[in-house]
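To keep things clear, I will list the structure first and then write my remarks on it.
Values reported hereafter were calculated over all heavy atoms of this structure, with side chains retained and with hydrogens, waters and symmetry mates removed. Predicted model only: the values in this text are computed from it and were never measured.
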Amino acid sequence: MYQGNNPTALISQQLLLEAFTLLLNKKGFKDITISELCTQSGVSRQTFYSLYKTKENLLLHHLQIISKETSSYKHGSEITLIETCRNFSKFVIKRKKDLAIIIENDLMDILKLLIYQETATCRDSFITVDEDEAFLALEFMASGLAQLTKSYLINNKNPNEDELTQIAYKIMSGSIYRAIK
């Protein structure tokens, strides 16, 4: 995915994102073709492929922009596990329509990446661990929370932020397990 600052490329990205949003409001992700995106946006296929390579990358970019615009989460070294779970739950409830697109199209890698990016701030609150352990811990958390998101949204018609926070916290803290005597 293009990350530069070339004005022409940035305009093309914006045009593709606008066309993508319009088409998503009319039809499912699977039904949107790259040709259709290019026609709707006025951007050539060659430009699309140089900017995004795949439709999934365009979706990821779209969701990352939305997440940045709506994120109001505390960043820093003193975020607790319950705050991380609460932020995760806010993210899921606020973005449930967008997350449904990911789930319906079985794009779990995108869901995991989004959750990884959303929860990465908790890394500064880990007990003393080396970089490899921190990375593995975040990967584990993101994978588990992605699956929890999928299962929770599929099985709950009226998702509840407090309920999801408590479920995530019980699982993440280990308090869901029976104490061994």
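Checking Ser35 against Thr33 by side-chain atom types alone, no donor-acceptor pair falls below 3.5 Å. Side-chain contact of Gln14 with Glu18: a donor-acceptor pair under 3.5 Å is present, judged by distance alone. In summary, the side chains of Thr47 and Ser44 do present a donor paired with an acceptor at a separation below 3.5 Å, with no hydrogens or angles considered.
In the hydrophobic clustering of ILVMFWY residues, with side-chain heavy atoms under 4.5 Å counting as a link, Leu58 and Leu22 come out apart. Ile93 and Phe91 fall into different hydrophobic clusters, where Ile, Leu, Val, Met, Phe, Trp and Tyr side chains are chained together by heavy-atom contacts under 4.5 Å. By the criterion of side-chain heavy atoms lying less than 4.5 angstrom apart, applied directly or through intervening Ile, Leu, Val, Met, Phe, Trp or Tyr residues, Ile65 is grouped together with Leu59 in one hydrophobic cluster. Taking hydrophobic clusters as Ile, Leu, Val, Met, Phe, Trp and Tyr residues chained together by side-chain heavy-atom distances below 4.5 Å, Leu60 shares a cluster with Tyr49. Hydrophobic clustering, with ILVMFWY side chains joined whenever heavy atoms are under 4.5 angstrom apart, groups Leu51 together with Leu23.
Look at Lys90 and Glu83 and you find no salt bridge, because none of the NZ, NE, NH1 or NH2 atoms lies under 4.0 Å from a carboxylate O.
Between Phe20 and His62, the ring planes lie perpendicular to each other; the angle is over 60°, past the 30° to 60° tilted range.
Residues Arg86 and Ile82 are in side-chain contact: their nearest non-hydrogen atoms beyond the backbone lie under 4.5 Å apart. Annotation: side chain of Leu148 is in contact with side chain of Leu145 (closest heavy-atom distance under 4.5 Å).
Counting non-hydrogen atoms of neighbouring residues, nucleotides and ligands closer than 6.0 angstrom, the NZ atom of Lys26 reaches no more than 12 such neighbours. Heavy atoms of other residues, nucleotides or ligands lying less than 6.0 angstrom from CG of Asn155 number more than 12. Under a cut-off of 6.0 angstrom, the local environment of CG in Asn156 is crowded, with over 12 non-hydrogen atoms contributed by other residues, nucleotides or ligands.
Taking CD of Gln147 as the reference point, atom OG of Ser151 lies at 4.5 Å (rounded to 0.5 Å). One finds the CD1 atom of Ile110 at 9.0 Å from the CG atom of Asn105 (value rounded to the nearest 0.5 Å). Rounding to the nearest 0.5 angstrom, the gap separating the SG atom in Cys38 from the CG atom in Leu15 is 11.0 Å. Distance CE/Met108 to CD1/Ile102: 9.0 Å, rounded to 0.5 Å. To the nearest 0.5 angstrom, Glu36 atom CD is 8.5 Å from Asp31 atom CG. Considering CG of Leu136 and CD of Glu131, their distance stands at 11.0 Å, rounded to 0.5 Å.
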I would like to know whether Lys150 and Asp106 meet side chain to side chain contact (heavy atoms under 4.5 Å, CB included); could you show each step before the answer?
-> CA-CA 10 Å; Lys150 178 180 178 182; Asp106 198 28; 4.2 Å; yes
Give the C-alpha distance, both sets of side-chain angles, the deciding distance and a yes or no for side chain to side chain contact (heavy atoms under 4.5 Å, CB included) between Met141 and Phe88.
-> CA-CA 11 Å; Met141 289 172 60; Phe88 156 74; over 6 Å; no
Would you sort out whether Lys30 and Glu104 count as a salt bridge (Lys or Arg N to Asp or Glu O under 4.0 Å), showing the intermediate values?
-> CA-CA 9 Å; Lys30 286 182 181 175; Glu104 289 165 7; over 6 Å; no
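Glu133 places a side-chain N or O within 3.5 Å of a backbone atom of Asp130 that can act as its donor or acceptor partner. Lys55 places a side-chain N or O within 3.5 Å of a backbone atom of Phe29 that can act as its donor or acceptor partner.
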Just list the side-chain donor-acceptor pairs under 3.5 Å for residues 162-172, sequence neighbours left out, or say none.
| from | atom 1 | to | atom 2 | distance (Å) |
| --- | --- | --- | --- | --- |
| Glu163 | OE1 | Tyr152 | OH | 2.4 |
| Thr165 | OG1 | Ser89 | OG | 3.0 |
| Thr165 | OG1 | Glu161 | O | 2.8 |

